[in-house]
Participant: 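To start, I am sharing the structure in question, which I have written as structure tokens.
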Amino acid sequence: MIRLYNTLTRKKEDFVTLEPNRVKLYVCGVTVYNDAHVGHAMSAIVFDIVRRYLEYRGYEVKHVMNYTDVDDKIINRANALGEDPLKLSQRYIEDYAKNLADLNVLPATSNPQVSKTMPLIIKFIEGLIEKEHAYPAPNGDVYFRVVSDEDYGKLSGRKLEDMQAGARVEVGEMKQHPMDFALWKAAKPGEISWDSPWGKGRPGWHIECSAMNLAELGEQIDIHGGGNDLIFPHHENEIAQTESYTGKQFARYWIHNGMLQLGGEKMSKSLGNIISIHDFLKTRSADVMRMLVLMGSYRAPLIFNDETQDAAEKSLDRVKSALRPASPSASGLAAGAAAELAAQAESTKQAFIAAMDDDFNSPLALAALYELVKAINTARDNGANDDQLAPAQNALRELTGVFGLQLKEKTGSSEAEAQVKALIAERNEARKQKNWARSDELRDQLKALGVAIEDSKDGTTWRWS
RNA sequence: GGCGUCGUGGCCAAGUGGUAAGGCAAGGGUCUGCAAAACCCUCACCACGGGUUCAAAUCCCGUCGACGCCUCCA
């Protein structure tokens, strides 16, 4: 039984889907107006692993991730660049899709966009007005009436009274209650806009997700996810809108990832402490980013610095060490030892599943993988041949695959490879003559080329490092 | 000020009543011409102060501190 921490109840709960073996998963995507950063990568990877794990456990997952392509920031940036806002956002949608592919994030089942959901958004708002959950203001805005929603604040644990006491709530003169929020914003002159019963305008931020959810997944969904910075107001308002509109519970489980921290602060576009996904991938692999995410709980803040990145990289090397072939002169393992390795593969699999079933406890699942890594390496040291290693290595591949790790060994061009082989041949000759000085010199040369040398009884092996 | 999450070894991080997983780093060892890789060994009384209990990192109260949200934000 899978258990999930549900933000709505602040407890771990048994995961029971609306329909057997099917999961409706909606994850808030990004607002597309500039490069996405590694914080977005973290969120995307977290939910990619959720999706991959649910599929591994036999669920058919319908995974929806939206793009917010109509928004103040997009309009501002487009104005600054003298570009059409929808062209700009389309450009960044394609860019983000490439980021995700580079990170080995599986494409969502669908990627709805605000600009393509306008009729439904308008219909949704009309429905809310009809039910007196919303009201048009004289200036052409439409607001959601928070006092009409008796359990408003249930996700974030806030009460309307508390929020009114807060110093930073601004009372808009068009609003009946300071916490009322815009469903529709009247267009300012020259702004991109759509026709509506309330005049030209565009949707507020929250209504789009309610509408796209309804369009893609229906009135009720299993899991709604996103960064924990979206809990309030975004997800709170989504709940208010959708439940007021349908009269049914919206999402059963709300899951939120923690924030990626750079220098002790949340990485965010507003703070400007950003490392883009493009820049990250210039020096590190997608696997490193994924490993970084896996090393901690998805709900906790992720400490992102050189030290943690190095640790992630080394940890990956360790996992990869188990996937190397048997030594050339492997004499074969005794039957008992081979059976032991098979048993370890099986118990690792069980431990992995038990860990991941418990609210995606990836650090614990990783610990199980390292046990298998150790067992495989020990077996190899003890003379296991490739056939004997294969089942355990396949199990390791299977489980790391659930994490979306690719575990590729580095490669070089064929010319470089030819050069390396020549140097190694020369070195072997020197070693035969016990010319250690020359041998070590050649090893240094190879190291400079990025080649690691390993000598053993049965000869020299090498790999790109 | 309000709401929420949290404070475990040098770093990252599991563990939510019975005397602390794992990874990285570090030190020692096996192997090696020397290395490297792999393997073996060593390395914490869990922010602080009270309390509950036969027993607490784990429950309760308090203090201090960190982070997130309350404004756009994955």
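In this text the structure is predicted, and so the values were computed from the model without any measurement. All heavy atoms count here, side chains included; hydrogens, waters and symmetry mates do not. First the proteins, then the strands, lettered A, B, ... as listed; each starts at 1.
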Participant: Determine the contact category for A:Lys434: base if any of its heavy atoms lies under 4.0 Å from a base atom, sugar-phosphate if only primed atoms, P, OP1 or OP2 are that close, otherwise nothing.
Facilitator: nothing

Participant: Can you tell me, in whole Å, how much space there is between the P of B:G29 and that of B:C34?
Facilitator: 13 Å

Participant: With a cut-off of less than 4.0 Å, is there a side-chain N or O of A:Asn76 near OP1 or OP2 of B:C72?
Facilitator: no

Participant: Remember a base hit wins even if backbone is also touched, and classify A:Thr308 as base, sugar-phosphate or nothing at under 4.0 Å, heavy atoms.
Facilitator: sugar-phosphate

Participant: Between A:Asp387 and A:Asn385, is any side-chain donor less than 3.5 angstrom from a side-chain acceptor?
Facilitator: no

Participant: Both distances under 3.5 Å, Watson-Crick or G-U wobble: report the partner of B:G65, or none.
Facilitator: B:C6

Participant: CD of A:Glu208 versus P of B:A74: gap in Å, rounded?
Facilitator: 11 Å

Participant: What integer distance in Å separates A:Asp381:CG from B:G29:P?
Facilitator: 19 Å

Participant: By the 4.0 Å heavy-atom rule, please label A:Arg318 as base, sugar-phosphate, or nothing.
Facilitator: sugar-phosphate

Participant: Is a donor on one side and an acceptor on the other found under 3.5 Å between the side chain of A:Arg380 and the backbone of A:Pro325?
Facilitator: yes

Participant: Looking only at atom P, what distance separates B:U30 and B:G68, rounded to whole Å?
Facilitator: 50 Å

Participant: Would the base of B:C69 count as contacting A:Asn228 through its side chain, where contact means a donor and an acceptor less than 3.5 Å apart?
Facilitator: no

Participant: To the nearest Å, how far apart are A:Leu294 CG and B:G23 P?
Facilitator: 16 Å

Participant: May I have the distance from A:Leu100 (atom CG) to B:A74 (atom P), rounded to whole angstrom?
Facilitator: 13 Å

Participant: With P as the reference atom in both, quote the distance from B:C6 to B:U58 in angstrom, rounded to an integer.
Facilitator: 14 Å

Participant: Can you tell me which nucleotide in B:A37, B:A21, B:G4 comes closest to the side chain of A:Arg10?
Facilitator: B:G4

Participant: Is it the case that B:C72 (base atoms only) and A:Ser270 (side chain only) share a donor and an acceptor within less than 3.5 Å, ignoring hydrogens and angles?
Facilitator: yes

Participant: What about A:Arg158, does its side chain sit under 3.5 Å from the base of B:C69 through a donor-acceptor pair?
Facilitator: yes

Participant: Quickly work out the A:Glu236 CD to B:G4 P distance and round it to whole Å.
Facilitator: 12 Å

Participant: So what does A:Gly264 touch, heavy atoms closer than 4.0 Å: a base, only the sugar-phosphate, or nothing?
Facilitator: sugar-phosphate

Participant: Looking only at side-chain atoms of A:Gln261, point me to the closest of B:G68, B:C34, B:A38.
Facilitator: B:G68

Participant: Between B:C45 and B:C39, how many Å separate the two C1' atoms, rounded to a whole number?
Facilitator: 30 Å

Participant: Would you indicate which nucleotide in B:A74, B:A13, B:G23 comes nearest to any side-chain atom of A:Pro363?
Facilitator: B:A13

Participant: Does the side chain of A:Tyr152 reach to within under 4.5 Å of the side chain of A:Val147, using non-hydrogen atoms?
Facilitator: no

Participant: Please pick, from B:A38, B:C69, B:G22, the nucleotide with the shortest atom-to-atom distance to any side-chain atom of A:Lys266.
Facilitator: B:C69

Participant: Does a sphere of radius 6.0 Å around CD in A:Glu340 hold more than 12 heavy atoms from other residues, nucleotides or ligands, not counting ones at 6.0 Å or beyond?
Facilitator: no

Participant: Among B:G23, B:C70, B:C39, which nucleotide has an atom closest to any side-chain atom of A:Ala311?
Facilitator: B:G23

Participant: Write down the distance between CD (A:Glu371) and P (B:A14), rounded to a whole number of angstrom.
Facilitator: 18 Å

Participant: Any N or O donor-acceptor pair under 3.5 Å from the base of B:G33 to the side chain of A:Asp440?
Facilitator: yes

Participant: With a non-hydrogen cut-off below 4.0 angstrom, is A:Leu260 in contact with a base, only sugar-phosphate, or nothing?
Facilitator: base

Participant: Name the nucleic acid region contacted by A:His256, choosing base, sugar-phosphate or nothing; use a 4.0 angstrom heavy-atom cut-off, strictly under.
Facilitator: nothing

Participant: Give one of base, sugar-phosphate or nothing for A:Glu307, where a contact means two heavy atoms less than 4.0 Å apart.
Facilitator: sugar-phosphate

Participant: Strictly by Watson-Crick or wobble contacts shorter than 3.5 Å, is anything paired with B:C45, and which nucleotide is it?
Facilitator: none

Participant: May I have the step-by-step check of side chain to side chain donor-acceptor pair (under 3.5 Å) for A:Tyr92 and A:Asp69, ending in yes or no?
Facilitator: CA-CA 9 Å; A:Tyr92 281 107; A:Asp69 64 348; over 6 Å; no

Participant: Given B:G22, B:A36, B:A35, identify the nucleotide with an atom nearest to the side chain of A:Ala367.
Facilitator: B:G22

Participant: In terms of the nearest nucleotide of RNA chain B, which residue is placed more toward the 5' end: A:Ile303 or A:Ala368?
Facilitator: A:Ile303

Participant: Within the structure shown, what part of the strands sits under 4.0 Å from A:Met291 by heavy-atom distance: base, sugar-phosphate, or nothing?
Facilitator: nothing

Participant: Mind running salt bridge (charged side-chain N to carboxylate O under 4.0 Å, His left out) on A:Arg284 and A:Asp310 for me, showing each step along the way?
Facilitator: CA-CA 10 Å; A:Arg284 307 271 191 179; A:Asp310 286 345; 3.0 Å; yes

Participant: Does A:Met295 reach a base, just sugar-phosphate, or nothing at all? Heavy atoms under 4.0 Å.
Facilitator: sugar-phosphate

Participant: Between A:Asn305 and A:Pro233, who's closer to the 5' end of RNA chain B by nearest nucleotide?
Facilitator: A:Asn305

Participant: Touch check for A:Gly29, heavy atoms < 4.0 angstrom, all strands: base, sugar-phosphate only, or nothing?
Facilitator: sugar-phosphate

Participant: Enter the distance from A:Arg91:CZ to A:Asn34:CG here, rounded to the nearest 0.5 Å.
Facilitator: 10.5 Å

Participant: Quiz question: going by heavy-atom distance under 3.5 Å, is there a donor-acceptor pair between the base of B:C34 and the side chain of A:Arg443?
Facilitator: yes

Participant: Of all the choices, B:C40, B:C34, B:A74, which nucleotide is nearest to the side chain of A:Ser43 once you look at every atom?
Facilitator: B:A74

Participant: Can you tell me the distance, in whole Å, between the CG atom of A:Leu302 and the P atom of B:A66?
Facilitator: 21 Å

Participant: Whether the side chain of A:Ser439 and the base of B:G33 hold a donor-acceptor pair under 3.5 Å is what I'd like checked.
Facilitator: yes

Participant: Now, which nucleotide makes the Watson-Crick or G-U wobble pair with B:A38, with each of the two distances under 3.5 Å?
Facilitator: B:U30

Participant: Searching all strands shown, indicate the nucleotide that pairs with B:C59 (Watson-Crick or G-U wobble; both distances under 3.5 Å).
Facilitator: B:G51

Participant: A:Met42 side chain: which of B:G23, B:G4, B:A74 is closest?
Facilitator: B:A74

Participant: For the residue pair A:Thr117 and A:Glu208, confirm or rule out a side-chain donor-acceptor distance under 3.5 Å.
Facilitator: no

Participant: How is A:Ile231 classified with respect to the nucleic acid when contacts are heavy atoms under 4.0 Å: base, sugar-phosphate, or nothing?
Facilitator: nothing

Participant: Base, sugar-phosphate alone, or nothing: which one does A:Gly157 contact when heavy atoms must sit under 4.0 Å apart?
Facilitator: sugar-phosphate

Participant: Under 3.5 Å for both donor-acceptor distances, Watson-Crick or wobble: does B:U16 have a partner, and if so which one?
Facilitator: none

Participant: Rounded to the Å, how far apart are A:Glu313 CD and B:C11 P?
Facilitator: 21 Å

Participant: Side chain of A:Lys269: nearest nucleotide among B:A74, B:G23, B:A37?
Facilitator: B:A74

Participant: Does the side chain of A:Trp464 come within less than 4.5 Å of A:Glu417's, by heavy atoms?
Facilitator: yes

